[in-house]
Amino acid sequence: MATTELIDLAVQASKNAYVPYSHFPIGAALKTKSGKIYQGCNIENASFGLTNCGERTAIFKAISEGYRDLEEIAIYGETQKPISPCGACRQSLSEYETKQQQPIPVYFMGAKGSIIRTESIKDLLPFLFDGSLL
Ligand code: THU
């Protein structure tokens with residue numbers, strides 16, 4: 001699958017965002033090594049702290065379906081600059097990158113269409129906290 005297709009799926013996922021408070025829709029499309037695609041959007045709540053980010057919605061869908069080998073993830077938001085995943089989502093992705101010992105590239109894109117690619121979660125989260133520290 002081409003990167004542009006994965007990004008298109010992230011754009012599509014953002015349409016389902018439940019964002020009555022922020023009006024800031026985010027979509028994510030996560031591909032597993034076996035080729036499954038999990039889409040996610042942000043889901044807000046009147047109790048703001050319960051909000052789930054688009055990236056973590058996609059991750060939780062994949063993990064709960066039994067897919068832990070994550071190949072790559074694309075993220076889309078209607079932002080001027082490409083939307084960068086928050087710290088919680090980086091930490092969440094890092095769990096699986098650490099376990100599989102293979103980098104998970106991240107593509108992020110905003111409203112203007114330019115795409116940033118990072119090679120791994122480690123690039124986005126240096127000195128990350130992982131299970132080896134427990
Ligand atoms: N949000 C995401 O979905 N992903 C991120 O990486 C950053 C923030 C959502 C959470 C909330 O619904 C809205 O964007 C504003 O913070």
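Counting starts at 1 for both ligands and their atoms, in listed order. Values in this document were obtained by computation on a predicted structure and should not be read as measured data.
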| What protein heavy atom sits nearest atom 16 (O) of ligand 1, and how far off is it? | F24 CD2, 4.6 Å
| Would one find an N or O of N52, backbone or side chain, under 3.5 Å from an N or O of ligand 1? | no
| Mind checking whether I26 and E55 have side chains closer than 4.5 Å, heavy atoms only? | yes
| field | Contact (N/O only, under 3.5 Å) between E44 and ligand 1 | value | yes
| note | Near T51 (heavy-atom distance under 4.0 Å), the atoms of ligand 1 are 10 (C), 11 (C), 12 (O)
| message | Could you check whether any side-chain heavy atom of T98 comes within less than 4.5 Å of a side-chain heavy atom of L128, counting everything from C-beta outward? | response | yes
| message | Quick test: of every protein heavy atom, which one is nearest to atom 9 (C) of ligand 1, and how far off is it to 0.1 Å? | response | N42 ND2, 3.3 Å
| note | In this structure, atom 6 (O) of ligand 1 is nearest to the protein heavy atom E55 OE2, 2.6 Å
| field | Among G27, C53, S14, closest by any non-hydrogen atom to atom 2 (C) of ligand 1 | value | C53
| query | So, E65 side chain and Y67 main chain: donor-acceptor pair closer than 3.5 Å or not? | reply | no
| message | For the 3.5 Å polar cut-off, considering only N or O atoms, please tell me whether C86 and ligand 1 meet it. | response | yes
| message | Is there a polar contact between ligand 1 and G54, counting only N or O atoms under 3.5 Å apart? | response | yes
| task | Flag atom 4 (N) of ligand 1 as yes if some protein heavy-atom distance to it falls below 4.0 Å, otherwise no. | result | yes
| field | Any donor-acceptor N or O pair under 3.5 Å, side chains S84, R90 | value | yes
| message | Quick check on contacts: which atoms of ligand 1 are under 4.0 angstrom from a heavy atom of P85? | response | 6 (O)
| said: I'd like to know if the side chain of E71 and the backbone of K31 have a donor-acceptor N/O pair within less than 3.5 Å. | reply: no
| Exam field: side chain Q39 to backbone Q12, donor-acceptor pair closer than 3.5 Å | no
| said: Quick check for you: to the nearest 0.5 Å, what is the distance between Y38 atom OH and L30 atom CG? | reply: 9.0 Å
| message | Under 4.0 Å between a side-chain nitrogen and a carboxylate oxygen: does that hold for E95 and K99? | response | yes
